[in-house]
Number of protein chains: 2
Amino acid sequence: MTEPQFKTWQSIQDEVLRRIHAREWPPGADIPNEADLAREFGCARATVNRALRALAESGLIERRRKAGTRVALHPVSRATVDIPVIRQEVVALGKTYDYRRLSHAQAMPPTHVAQRLCPAAPSTALHVTALHLASGAPFVFEDRWINLDTAPAAGTQDFLATNANEWLLAHVPYTHGEIRLSAEAASENEARILLTDPGAPLFVMERLTWDHARPVTLARLCYAPGHRIVTQLGTAP
Amino acid sequence: MTEPQFKTWQSIQDEVLRRIHAREWPPGADIPNEADLAREFGCARATVNRALRALAESGLIERRRKAGTRVALHPVSRATVDIPVIRQEVVALGKTYDYRRLSHAQAMPPTHVAQRLCPAAPSTALHVTALHLASGAPFVFEDRWINLDTAPAAGTQDFLATNANEWLLAHVPYTHGEIRLSAEAASENEARILLTDPGAPLFVMERLTWDHARPVTLARLCYAPGHRIVTQLGTAP
DNA sequence: ATGCTCAATATGTCTATACATAATAATCCT
DNA sequence: AGGATTATTATGTATAGACATATTGAGCAT
């Protein structure tokens, strides 16, 4: 008669997952409210809340006040991607990191950059290009614009020794940002720098970071051919 | 004299973020323990715990029992990527979704597939290729292998009307998975199907999903040129 | 010194209770 | 009927107290 008791929020999460997978609670269905579940599982409501909140963060269920909790109709897979500093990325591959600044100038950004980096009042910005190397081989070509209104201190740096990525992280932290991933053909210039052929497929990551309401920097990172990003889906095995 | 009181876990998170950004707590530094912070902020320890746990999940701080909490030395940016079902992805673009199955056969997978899909005992698997269209234009070319030991029910499906992605989600849910993102040159076959040129840079997403310890399916999704993924960094603005 | 045991400590979690908040349902007033 | 107001309800969050658990470090034994 002893109902299996669920004591930890993990075990409750597992049981809820089981019921969803077993179609006891099919996609789109409402699931019982926290108070009822707590009674059924023989635990406090806060424990149920913890379990359901974690599931909501993973995108499997949707919760709204008063409306209750339901299994997501279109279960989006939510993957978390860890994006380390490039130096760490290289070191993690067991290679030695090296950095070479290519150019450094203050200039008016092209429109597609200006739109995103200084949408309010167009002004000059700092343009830095650099190459990150892994054991001597080109790894990432970086083309970066820095908003000097937001980060005036960057104007005093030449970024010859320390790369802009790490300097900015240490001196102009951001509050949030946006990342765009795409595949693009290498331009003549990119191909020359990355020692590959024009037209080669490059993995491109564009990062725009903000400090509260003000754009900080827009970086376009072109990875050398063969690069890939690996990420995990769902919870731990 | 009234110390500013921090009542909500959000406000505590903001204050901790402020101190980190202001270098009061520089990278690598230990931050006070929960009990002390709770006393300082005039709130319960559980509230501090909630705030710090959220920051730890975002990768900005690291926490270990007994050792305490410290600001991450190499702050990895943790981005969450929402990966919807392809139909939803197309609909969200304001286009009409269409699906066309291209091939369907039971066969021995090539070694690089077998290694990941049936690492224990090599056996035949279900091979399905299909094209997803957005308003009539090729959107994604899908090349999928399904492990029939894990999902025997898939053997009875021809996947002519319903695509494998949605059928599997509805009938063989997964517990976790792995996603690989890369840029690759279009092969002759891929180019023909996606109506582009061989060698064109394609955004490729490989998904391997598992049901507990058993691999379910390995899908290789080649997006038509121009596709990109957008994701957010950090918390809400 | 080296290895083991045990106590100290910071985070992890659970409980019970209370109040806050958002969103819906019901009701009342034209 | 229609629109504004109020009540209800489920989630969201805060609190104090308690115990669990991992980890470190000190002290002891070999």
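Throughout, protein chains are lettered first and strands after them, A, B, ... in sequence-line order, and every chain is numbered starting at 1.
- Two residues are said to be in side-chain contact when any heavy atoms from C-beta on lie closer than 4.5 Å; A:Ile146 and A:Trp167 fail this criterion.
- Between B:Leu126 and B:Gln157, the closest side-chain pair of non-hydrogen atoms is not below 4.5 Å.
- Each of A:Lys66 and B:Lys66 was matched to the nucleotide of DNA chain C holding its nearest heavy atom; the match closer to the 5' end belongs to B:Lys66.
- Checking the phosphate oxygens (OP1, OP2) of D:dG12, a side-chain nitrogen or oxygen of A:Arg63 falls inside 4.0 Å.
- Shown are A:Glu62, A:Arg63, A:Arg53; of these, the side chain to side chain contact (heavy atoms under 4.5 Å, CB included) with A:Thr69 is made only by A:Arg63.
- One can place CZ of B:Arg65 at 8 Å from P of D:dT21, the figure rounded to the nearest angstrom.
- The shortest distance between the side-chain N/O atoms of A:Arg50 and the OP1/OP2 oxygens of C:dT13 is below 4.0 Å.
- Rounded to an integer number of Å, the gap from CD of A:Gln10 to C1' of D:dA20 is 15 Å.
- For the pair A:Glu34 CD and D:dG12 P, the computed distance is 6 Å after rounding to whole Å.
- For the pair B:Thr69 and C:dA10, the criterion of a side-chain N or O lying under 4.0 Å from OP1 or OP2 is not met.
- A:Asn33 places its CG atom 13 Å from the C1' atom of D:dT8, with the value rounded to the nearest Å.
- Distance CZ (B:Arg53) to P (D:dT13): 11 Å, rounded to an integer number of Å.
- Residue B:Asn49 places at least one side-chain N or O closer than 4.0 Å to OP1 or OP2 of C:dG12.
- Residue B:Arg45 places no side-chain N or O under 4.0 Å from the OP1 or OP2 atom of D:dA14.
- Aromatic ring pairs are classed by plane angle as parallel below 30°, tilted from 30° to 60° and perpendicular above 60°; the pair A:Tyr99 and A:His132 is tilted.
- For D:dT13, the OP1/OP2 oxygens have no side-chain nitrogen or oxygen of B:Thr47 closer than 4.0 Å.
- To the nearest angstrom, C1' of C:dA23 lies 14 Å from CG of A:Asp30.
- If you take NZ of A:Lys7 and C1' of D:dT21, they are 15 Å apart, rounded to a whole angstrom.
- Considering only side-chain atoms of A:Arg64, the nucleotide from D:dA10, C:dT24, D:dT15 that sits closest is C:dT24.
- The backbone N or O of A:Arg214 lies less than 3.5 Å from no partner atom in the side chain of A:Asp211, so there is not a single donor-acceptor pair.
- Here D:dT15 is the nucleotide among D:dT15, C:dT13, C:dT21 with the atom lying nearest to any side-chain atom of B:Cys43.
- For A:Ala46, whose side chain is taken as the heavy atoms from C-beta onward, the closest listed nucleotide among C:dT15, D:dT15, D:dT13 is C:dT15.
- The interatomic distance linking B:Arg39 (CZ) with D:dT15 (P) rounds to 15 Å, in whole Å.
- Among the nucleotides C:dT21, C:dT15, D:dA14, the one closest to any side-chain atom of A:Ala44 is C:dT15.
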